[in-house]
Structure formats: structure tokens, C-alpha cells
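Here the structure is laid out as C-alpha cells; the discussion comes afterwards.
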Number of protein chains: 4
Amino acid sequence: MTDPIPVAVLGAPGRMGSAAVRAIEAADDLELVAGIGPDDDRDDALRAGARVVVDLTVPSVTKDNVLWAVSNGIHAVVGATGWTEESLAEVREALGDAPSTGVLIAPNFAIGAVLAMRFAEVAAHYYESAEIVELHHPDKVDAPSGTARHTAAAIARGRAAAGLGAMPDATASDPDGARGAVVDGVHVHAVRLRGLVAHEEILFGGVGEQMTIRHDSFDRASFMPGVLLGVREVASHPGLTVGLDGYMDLGAH
Amino acid sequence: MTDPIPVAVLGAPGRMGSAAVRAIEAADDLELVAGIGPDDDRDDALRAGARVVVDLTVPSVTKDNVLWAVSNGIHAVVGATGWTEESLAEVREALGDAPSTGVLIAPNFAIGAVLAMRFAEVAAHYYESAEIVELHHPDKVDAPSGTARHTAAAIARGRAAAGLGAMPDATASDPDGARGAVVDGVHVHAVRLRGLVAHEEILFGGVGEQMTIRHDSFDRASFMPGVLLGVREVASHPGLTVGLDGYMDLGAH
Amino acid sequence: MTDPIPVAVLGAPGRMGSAAVRAIEAADDLELVAGIGPDDDRDDALRAGARVVVDLTVPSVTKDNVLWAVSNGIHAVVGATGWTEESLAEVREALGDAPSTGVLIAPNFAIGAVLAMRFAEVAAHYYESAEIVELHHPDKVDAPSGTARHTAAAIARGRAAAGLGAMPDATASDPDGARGAVVDGVHVHAVRLRGLVAHEEILFGGVGEQMTIRHDSFDRASFMPGVLLGVREVASHPGLTVGLDGYMDLGAH
Amino acid sequence: MTDPIPVAVLGAPGRMGSAAVRAIEAADDLELVAGIGPDDDRDDALRAGARVVVDLTVPSVTKDNVLWAVSNGIHAVVGATGWTEESLAEVREALGDAPSTGVLIAPNFAIGAVLAMRFAEVAAHYYESAEIVELHHPDKVDAPSGTARHTAAAIARGRAAAGLGAMPDATASDPDGARGAVVDGVHVHAVRLRGLVAHEEILFGGVGEQMTIRHDSFDRASFMPGVLLGVREVASHPGLTVGLDGYMDLGAH
């Protein structure tokens, strides 16, 4: 058996961060060597010998953390959202001087959501109709969810690749907006129910048949397999990878 | 065994009418004595000895058919929609002179849809959140469906009876209308997919739990048990009954 | 506003007990006056003025607790399972001397599961086919679940009341037992999946249609509305009531 | 626009055959040049100029039809089941002398079922638990369905490739067989309900999440897109292809 990979977590006291700390501690092939909070010195991670840092901080500091990791030759697995093309370009440039270092920036660590999006893109080639229903707890402030928007974009790519045009829809009267949002040509519906967490149902229809792909996240714990996959694989993927699917065996496309 | 009930169908050549003709012919306890089309004389039904007429004609003639049936002492089971309070009052007045005659006017003969609506009203007492997703073929011109509107009204009645206020919903940003229509305070979402027929999913949520009631109509045949129930029961329910649930054993409420 | 009801919890340190303690403390119309553990003196509840006790102890002591409550004129809401007809008879006899005292023994406090069972019994009158799929976490040791067995019994009662015979099933070859268990004439299937908690799906089929009733328990918190309903209503229901549905407005049947 | 592809159907009077005839007639890029029944001379297809034959006959004659097509330089799209390794070897040998001729033998023309199976194999890499529920009309004589058996095999392949062992299952008491069949280590449950046609639900579970892939066939028409895909693509795939997925863009694996 090989030695465990030494890992540091930036943003360790946060909700995602503390879940990541627990998941890393529980994994036999990983060793948590530093948990860094906003008041700590991130160079403690270097002194502790971290080979991979998991950055679960906030958008305002995440880019600086990634550049710091790259300049120190440490691989980085990053969960924060809000990256712009300019920020990504800066990371790519920094990586030019560190050709063996890997950076994974993953807006979504839920493997199931990533799988659902990829399956949706493939299935979209073969169905006349496709719609999305996303369901969340009622404390969510935006609708539809970012995952639903990304899924709509994936369906649109699949349909375009297959040469499909607009979906059939004879709706002539919809005074109250029951048909929902249209994102990249795909109708998206947002349900809010007490008791739910984060759920997505992708519906495809053709003559005489229906296909449904559904993903349910019941708990933040569902993100941890994705974080661990990133930590284990980042050293084998030098350069910048955006999206967890870059590390998953989903077939070329 | 008792003699079969002699039944006539008005609107026999139509899609619902011809399905009703087949269903009555297939039932051992019923006998089809006349199938009347728009060019036929409805008095043929009297001459053939009909004791019940099933009216599956169009809104413009259905009221006249019902008054004709009542004046001839025949029970009527009616599927046409578009009845106004004034039309119903005329029928009630006519029935005043025919106290043993029964009339059933049922906007929906799908027993499953009627059950779903009643269950929704009961469940609505006990859940903080409730929403409706209706799914139909893409040739449907209106959204949401009439069944979904009636279900929203039933949920609103249940919530009011339980003293529940507005549902929780923190949505602050919904630029594309993903939250759908609001009918009687209930969010209603309309999905249109090739391959589907008529489907309704009613979702309830409370802390730590969800309840779902779903009805799928795959085929017009699903309306026939409701038509036959009406034919068998109408003689035992003198006066006017609106809604098939008046003949179903759903418990007092 | 009336004074809050003083409530004591027996079995307060357990998982259900501590959830009940929190739920009672959070309710404006209830006041927790005592939380009794296995090493405490239950008479503390009397001294603290409890008018209702919630018994969430283990089968071996629950009957003694109920008889103690009745003899002291305190209403009891009881969650423990394992009651025999003999034990229930003892409680009924004790209540004979305390005509204004109420006891609720509820094998299942999940309002949604109780609703699902009642809806299933009603729907069973109207469908040719009915089956149950229950889904739980993989640490559950018995299959199928008690709730699924009770639901099968409810479906059997509904079918019997409607005069329905055996369900259609042409299965001639099933070498590996894919058709699952048969409980009271109803096929019951048990799924075990990591990530799930406790879920039940009840499926009804007729010509051209399907009806589905599903209940998902994601969290023990889903039992608390049922416990609180019991506490609030027990004083208005003198005598012994078995099953939470006795307190719910489900219509006579 | 290119000329339409001339197509002949063998087994044209059968249920699948007549559906294929209608689908080909309705497609602008295909031309039906012959519909051959059991009493017709299949050489009529040659005389009519067919470049592709669709064989929807019975197992006893399908192999002979394929060999006849290959020997005449016509591509063949074949739906019959019951092919043995020996029969496939004969076809491969015949194709050795006809290197530009294509033969597709597809046990399942439902694109959705093929997609579901492939998605299941991919998803199986990432989940601790997986089970299958298949649902059919109650006139089906075997359980579980062939599609469910193939899906279980696909899940087993995916789990093996990911190095996953047995699924978690603490079931100690299951007196009535509620846990269903075990096929290649995967639990499979068969539901039979009046009103259904052919449906499959594949369930995956991990800590804090669930993924569901469902395919519904409501009508034989759902097989026709797969037949047409085969007809359009067979000329571009010389040699023998078994399984419609060989013609679909599902990514290398």
C-alpha cells in the first residue's frame, strides 16, 4: 500500500470545509495535515507537507489561494463558484510555469448531478421533447437553480449536435405562466417544498415513450465523494480542469 | 341476476361516445339500446326503452338533451363541460317535477383524477407546502390543465379548513418565471412532452418528509369505468349531482 | 390565548425522545415540564404538573408507564410498538375507572404514512391491480417493513369491501422470485439503498391509467407533527385510541 | 437532397412489421419498395430494388433471411431474438465474402431502453447501491423482464470495472421474499399492473444521495425510431453489429 496523500483544507471551519475535513480524515488513503481557517496562516499547509489543498473558501479569496498553491507546487481542488474567464486565464498562465501541477475547479462536486447532466446531453440527441423540473427547499432565493441552467445548456448542446430544431408545443393560452422558464430553448420548472434539499428531474419524451433522469441530494455529505475523487486524481491531471466530469470515466463525446 | 339496464348514448359517433358504446356493450349488466348521432332522432332512445342516457355531445346541445331526458323520466349521465350556474339551475328546476329522476354532470370521468383531487384536499391539511406538476402531450393548447386548476382549488380549501396561511417561499430572483403559475395560492407547473397523454403529480412537503399523489391517464379507456359507475348509480341518486365523487365512497368530509 | 399544555416525556434521552423534547419546547401551545430518563423517577412528572405524558420508552416498560399515567389521571401518548391484545385489554380496563382520561397508542407517528395508508384503502376499491414498493436504508434488518405490511392489509380491506377478487397476473416463470412477497394477496417489494431513510410507493393500475401514492420520510423530524397532534388532541379523546388516524380528519369510512 | 433509401420489410403483416411499414412510409428519406409476408416470395424485394431489408419475422426463419440478404449484397436490420453464438458465427462468415455489407441484429429497438442500460453501466461505477424495478402489464408470463436482466448485467460490469464489491444489505429476516430476485448480484423487482406496458426504473444510492434512471414504453411505436436509425446507418457499418448501441453516439467506454 502506498503512503496516504497529505491534504490541507482551506476554509476548514465552513460547512463544506468541515464536511471535507471529516471525509478526508475518514479516508484511509488520505491524511489531513492542516485545516486552515480565515484567521490562520495558509503557509501552515506548506510547513505541514500538504501535496494537495482543497479550497472551500469564498469567491473573494479563492483565486489568490489557487495562485499561491500553484506557485508552491501544490495541487489544488477548488469548490468556490464565481470564476470569470479572466480569473481562469490567470490560473492557466501560472500553470504554464508549473507543468506538473494540477488544478481542478468544480462548480458542483455532486457526482450524481454531473452524471445526470452528461446523460441528459447524450439522451437529448434522441428525443423530440425535453424539460427540467428542479425541486428545492423553500429557503432558496433564486429560481431556477444553477444546476438546472447548466442542464438546460447541456440539453441544448445535445439537440444542436443531433440537428434537432424547436420542441413541439401548441400552447396558445397560458395566462399565469404555468409553462415556466425557458433556458436555452428548454422549459425549466422550479418547485419549492419544505422538507426537500436539492433535486433535479430531467424528462425526455418521444412517440410512445418517456425517459426520466433524476438526482436527489439529501445531504451535504453527497458532495464528499466528488471532493475525494478530485483529491485522489488531481496529481494525475496536470494543468487546469474545469468541471468534475473531466476526471470521470464518462466516455469521449 | 337482475335484467341489464337499457342505456342509450347521445353523441355516439364521437371519440368519447364510441368508447362509451364499446364499454357498455362489453358490460354484462348493461344493454346498449340506442346509439344516437347528430343526424339521428334522439326520440329513438325513448322508443328503444332506454332508462339511462349517456350524453357525450358538445356544450351547445347538452343542456337541451338533459332537459329532454328529465321531461321523459330518463336518468342522464353527462360528460360535457361548459355548464354555467344558470344552466344547472334550469336542470334543478326541471328535476323538481321529476323527483325520482337522477342527473349526473361530471366534468371528469377519470376515477383516478377524482380520487387524486380528494386525497389532495385531505393531505393539504397536514403539510406546510404543496405544489402541482401537470404533464400532457404537446398538442394541448391551454396551460395549466383544468384538472390542475381544480386540484389547486381543492388544496386551497384543505389549507383554509386547517387554518394554514401562505406557503414558505424565499424566492427573490426568478427572472424567467421558473416558479410557474399561481392558482388559488398554489404553484402549478405545466410540462409538455411528446409521448405523454394526461398526467398530474401533486407534491406535499413538511419538515423531514414528502408526500406525492400521481395520476396517469394513458388512454381514453381510463374514463370508461367512471362512465359505467355513473350509469349504474344514477337511478339511486335522484336529483342533480355535479362531480363523479358524489357517487364514490370517499368518506364524508 | 389559553395556557400551554404541561407535557412530560418518558424516554427523553432516546433518539425519538430527544426529538420530542425539542419539538415540544419549540411549540408555543405546549410546555415541557419534565424529561424523564431510565434512571429518573417518573413521579417527577406528576410533581411537575404534567397533564399529558409522551411515552417513547421501550416495549418492556411502556405498558406499566401507561397504567401508571391512567391511575394518576394523566393522558398518555404512546409510541412504543409490540402491544398485544392482552396489554390493550388491560389499558381499556384501567380506563374504565378513569372515563375522562385519554390514551393514544400510535405504532406510526408519521402523518404522511398514515394518510398514505388511508388513501390506499380508498383507492383499492377502484383499481384492478395494486402493489407496494417500500424503500429503506440498507441497515434495516427486516423485509418488508411493518408499514408496507399494514398498507397491504389496508388494500386487502378496500378490495374486499368493493367485492374485488384476485388481481390479474399471468406470471408463469419467475425462477428467482422477482415478483416479491405476497402479503394479504398484495405483492410487496423491498428495496435497500444507501442514502435512503424510509419510503413507500403504492401503485394502482386499471385499464389505461395508473395511480401512485408515495411517502418519503427523510428524517426522524417527520414524526414530530404526529406526536404534537397526539399531545394536543388526546384530552379530547377519552378512552383508548389505537392509531393516529383516529385523531385525523380523514372522513368516516 | 439525396434519393430516399429503398427498403423492404420481411414480416410485414405482423404487429412490429406493420408498424415498421407505416414508419418507413412516413419518413421522407426512406422509400418502402416491398412488404413481404409469409406467403410472398422474398425475391420480390430484390426485384423492387431494396438496398436495406428490415427483418421482423420469427426466430425460425430469421437466420435464413439474413444469409439470403448478405448473399444478395443487401444490408439487413434484424429484430428477431433467439440468436445463438453459432448463428452469429454463420452470419460473420457470410459477411467475410461481402465486406461492404452491413448487418444489425438488435434484440431491443427501444432507444430509450438502450440509453438507460448504458447510463446504468456508467453510473454503477459511482454508487454503493443499485437495484432495478421493472413494471409491466399483468399478461406478461416471465419475470423479471429480459431488459431488466440485461440491465443487471450492465450494472455488474460497471461495478466490477470500478472495483466495487457486494452491496450493503443487513436484511436478516425476509420470510416472504420481499427482496426479490438477485441477478448478477443486483436485486431485481418485477411489478405487474393493469394499464402498464413496459417500464424500467434503475435506482442508485450513495451517502446522502440517490440517482434514478427510468424508461417508459407506452406503445410499440416507441421501437420505430430505433428501426429507422438502423435502416439509415446500416450501410455505414459494414460487418455484423449486435445491439443498437453500436450505432449510437454514446461515447467510447
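Lettering of chains follows the sequences in order, A, B, ..., and the numbering in each one begins at 1.
- Atom CG in D:L104 sits 12.5 Å away from atom NE2 in D:H75 (nearest 0.5 Å).
- From D:L30, atom CG reaches atom CG of D:D3 across 12.5 Å, with rounding to the nearest 0.5 Å.
- Atom OG1 of D:T151 and atom CD of D:E121 lie 10.5 Å apart (nearest 0.5 Å).
- With hydrogens and angles ignored, the 3.5 Å screen pairs a side-chain donor or acceptor of D:S18 with a backbone N or O of D:R15.
- Between A:I111 and A:L229, the closest side-chain pair of non-hydrogen atoms falls below 4.5 Å.
- With respect to the salt-bridge test (charged N to carboxylate O, under 4.0 angstrom), the residues D:D184 and D:R157 do not qualify.
- Listed by sequence position, A:V207, A:G208, A:E209, A:Q210, A:M211, A:T212, A:I213, A:R214, A:H215, A:D216, A:S217, A:F218 are the residues of residues 188-218 of chain A in contact with chain D, using a 4.5 angstrom heavy-atom cutoff.
- D:H237 places no side-chain N or O within 3.5 Å of a backbone atom of D:V234 that could act as its donor or acceptor partner.
- Remark: side-chain polar atoms of D:H125 are not paired, donor with acceptor, to backbone N or O of D:A162 under 3.5 angstrom.
- Across D:L244 and D:F109, no two heavy atoms sit closer than the pair CD2-O, 3.8 Å.
- Within residues 126-141 of chain D, the residues having any heavy atom less than 4.5 Å from a heavy atom of chain A are, in residue-number order, D:Y126, D:Y127.
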